[in-house]
Amino acid sequence: MHYQRPKGTADVLPGDSDKWHYVEETARLLFEDYQYHEIRTPLFESFEIFSRSSGDTSDVVTKEMYDFHDKGDRHIALRPEGTAGVVRAYVENKLYGPEYAKPYKAFYIGPMFRYERPQSGRQRQFHQIGVEAFGSDSPALDVEVISMALAFFKQLGVSGLRVAVNTLGDKKSRDDYHQALVDYLKPHFDELSKDSQERLEKNPLRVLDSKEPEDQKFVADAPSILDYLTDDARNHFEQVKQFMDALGIDYVIDPTMVRGLDYYNHTIFEVMVNSKVLGHGYTTICGGGRYSGLVKELGGPDDTGIGFAIGLERLMLLLESEKVAIPEKNKLDVYVVGIGDETNAETLKLVEAIREAGFSANRDYMNRKPKAQFKSANKEAASFVITIGQAELESKTAHFKSMASGEEVSLPLDDLYKDFSKIYDKYTGE
RNA sequence: GCGGUAGUGGUGAAGUGGUUAACACACCGGUUUGUGGAUCCGGCACGCGUGGGUUCGAUUCCCACCUACCGCCCCA
C-alpha cells in the first residue's frame, strides 16, 4: 500500500480495457470511412508549440501545463491537447504539399495531460479521440466534421445528445465584438462576480460562460456576436446552418458559447449530454471548431483547419451509465483438467495444440484437485472441459465434456490433436 | 489554486479509548479421496490511508500530509 499511482491517473484493468478497445475501434473504422487516417505524434513537444498555439490567456497554458526542462535544458511540455502537435506535424512533414489530397484529414487517439483537480470524468492524464482537417475553408467540411462526431456517438448507441453551434466569425468580427462586449460590460464592472471581473480583463468572451446569477442578467442583454459578423463570416455561418439542415441534424445556436482555446474562429460546436454521472445539467463530451492562423503560427502556410476532440473518460462514464452494451469477446472455448502430476506435460501440450488450432484454452497451474479445476472452468465460462488422468494417459484418450449439456464422451487424443476444430464444431452444433 | 465529504480485509461494510475488529459476498480447503454451477463445515485484517501527538493504553481523540469523491475555476 505504500506506492499509489500519481494523483489524477487511473489504471485501466483487463476487462475494462475491452471497453476502451471497442470505443477506439469504433472510431477507427468510422473515421476511416470518412477517409481520416490515424496520426501519432509525440506525447511531449516543445513547450512553445502549446504556448504559441493555445494563446497566452488560456488556463491550459498559464496553469495546467505539465512542463519541465530535460537534461539538454529543452523546455518540454506533456501535450495538454491534440491539435497543436498535429499542426506541428502537418507543417514539419509538409503535408500541405501538392502531392497530398486536400483537405488533409487525420485523427488521433491517445493520452493528454493537464495539471488540474481531478473530478468525475476529469483526470490529469486523460484521453481524447480527435480529428483535424486542413486546407479547406468549405462550410461543407464544418458540417461533415460535426456529422462525423454525431455518427460516432450514434454508432456507440449514445442518445439524448444536444448539438450547440456558434460562430466566432473572422478576425474583424471577433475584434469588433470584443470591443462591443467590453464597452457593454465595463459600466457594470462593480456588479459582476469576482471571477467575471477577472475574465473581463483577460478574456471578456468568457464572461458569457459564467454560471453566476449576477453575471447572467447582464449576459442576457449582452450584444451578440451574430450582430458583429462581417459579410464573409455571416455567409460562412449561413451555409453551415443550411448544410446542417440538409443533413437533418438537430442543433441549437448558442451565441454565448465560447471555447477554451484561443485559436478558434468561425464555426465552433459542442456535443453535450445531460447525464448525472458527468455532473449537473448538460456537459460537453465533444468540442471543436474551425481555426485559422494556427498553421501559420507554427511556421506553415496560411492554411485553415477544423477539428474536434472527444473526452474518452467522460464517454466511458456515459456508456456505463447508459448501459451501452459492449460486444463480448475472448470467450473460453476449452478448459483442460489434468489429474495427477504425471499429466502435467500432456495437458500443457493439449492447451497449446488447441490454441494453435485457433481456439482459446486454459488449464490449472496451482496443482488443484479435479473438483476445483471444474469450478474454475465453470467460473471462466468454458464451453468444454477436457479431462486427462492416469487412465486416459494409458489409453491415449481424453474425456470431452460439454459444460452446457453436461454430456461427456471419450475421444482419442490423436483426434483432438489432429483436427480440433472438427470436434469443436460437432459438439457445438448439438 | 479554493471550499466540502470521506479513507477499516480481495469486495460491501459494522464497530469500540483497554483481553480474540461483527456480518455478508468473493476466494481457498473439506464433505471417503477423478468432475462444475446446490447444501453443510472450516480457513481467511498481528491490523483499521501515512506520519506525528494526547493517553497507563488508540483503529477509535487531536494535528499534518496523501488519496478519492463533489462543487468552484477551467475544460474533454
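Computed from heavy atoms alone, side chains included, the values below leave out hydrogens, waters and symmetry copies. We name chains A, B, ... by the order of the sequence lines, and we start the count at 1 in each one.
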Run the ring-centre check on A/F374 versus A/Y335 and record whether the distance is less than 6.0 Å. no
Between A/Y66 and A/Y115, does the ring centre distance come in under 6.0 Å? yes
For atom [atom1], what is the distance between [N] and [M], given to the nearest Å?
N: B/G34; M: B/A14; atom1: P; answer: 44 Å
N: B/U67; M: B/U50; atom1: P; answer: 15 Å
N: B/C46; M: B/G51; atom1: P; answer: 15 Å
N: B/G18; M: B/C2; atom1: C1'; answer: 42 Å
N: B/U19; M: B/C48; atom1: P; answer: 15 Å
N: B/G17; M: B/C61; atom1: C1'; answer: 8 Å
N: B/G71; M: B/A45; atom1: C1'; answer: 35 Å
N: B/A6; M: B/A13; atom1: P; answer: 14 Å

Could you give the [atom1]-to-[atom2] distance, from [X] to [N], as a whole number of Å?
X: A/Q4; N: B/G49; atom1: CD; atom2: C1'; value: 8 Å
X: A/Q197; N: B/C73; atom1: CD; atom2: P; value: 15 Å
X: A/R122; N: B/C74; atom1: CZ; atom2: P; value: 10 Å
X: A/F152; N: B/A76; atom1: CZ; atom2: P; value: 16 Å
X: A/L13; N: B/G10; atom1: CG; atom2: C1'; value: 13 Å
X: A/D11; N: B/U67; atom1: CG; atom2: P; value: 15 Å
X: A/K7; N: B/G1; atom1: NZ; atom2: P; value: 8 Å

Per-residue pairing states of RNA chain B in dot-bracket (Watson-Crick or G-U under 3.5 Å; . unpaired, | other strand) read (((((((..(((.....[....))).((((.........)))).....(((((..]....))))))))))))....
Does A/I49 offer a backbone N or O that forms a donor-acceptor pair with the side chain of A/S53 under 3.5 Å? yes
Between the side chain of A/R5 and the main-chain N/O of A/T9, is any donor-acceptor distance below 3.5 Å? yes
Check nucleotides 2-5 of chain B against the protein and report each pair of N or O atoms closer than 3.5 Å, with its distance, or say if there are none.
from, atom 1, to, atom 2, distance (Å)
B/C2, N4, A/R117, NH1, 2.5
B/G3, O6, A/R117, NH2, 3.4

Sequence-distant partners of A/A398, side-chain contact (heavy atoms from CB on, under 4.5 Å), two or more places apart: A/I386, A/I388, A/L413, A/L416
In chain order, what residues pass the side-chain contact (heavy atoms from CB on, under 4.5 Å) check against A/Q123, with sequence neighbours excluded? A/A10, A/F126, A/E313
Under the side chain to side chain donor-acceptor pair (under 3.5 Å) test, residues paired with [X] that sit two or more places apart:
X: A/R314; answer: none
X: A/T347; answer: A/R363
X: A/K331; answer: none
X: A/E38; answer: A/R28, A/R40

What does the B/S/- profile of nucleotides 29-37 of chain B look like, 5' to 3', with a 4.0 Å heavy-atom cutoff to protein? SSB-SBBBB
What does A/E270 touch in the nucleic acid at a heavy-atom separation under 4.0 angstrom: a base, only the sugar-phosphate, or nothing? nothing
So A/G8, base contact, sugar-phosphate only, or nothing? Heavy-atom distance under 4.0 Å. sugar-phosphate
For A/S376 and A/R199, find the nucleotide of RNA chain B closest to each by heavy atoms; which residue's nucleotide sits nearer the 5' end? A/S376
Donor-acceptor pair present, A/R114 side chain and B/A76 base, under 3.5 Å: yes
Determine whether any donor atom in the side chain of A/E116 lies under 3.5 Å from an acceptor atom in the base of B/A76, or the reverse, and answer yes or no. yes
Holding to ring-ring contact (aromatic ring centres under 6.0 Å, His included), I want the full list of residues that pass it with A/F152, two or more places apart in sequence or in another chain. A/F31
Could you list the residues that satisfy salt bridge (Lys or Arg N to Asp or Glu O under 4.0 Å) with A/D183, not counting sequence neighbours? none
Does anything in residues 377-406 of chain A form a salt bridge (Lys or Arg N to Asp or Glu O under 4.0 Å)? List the pairs, not counting sequence neighbours. none
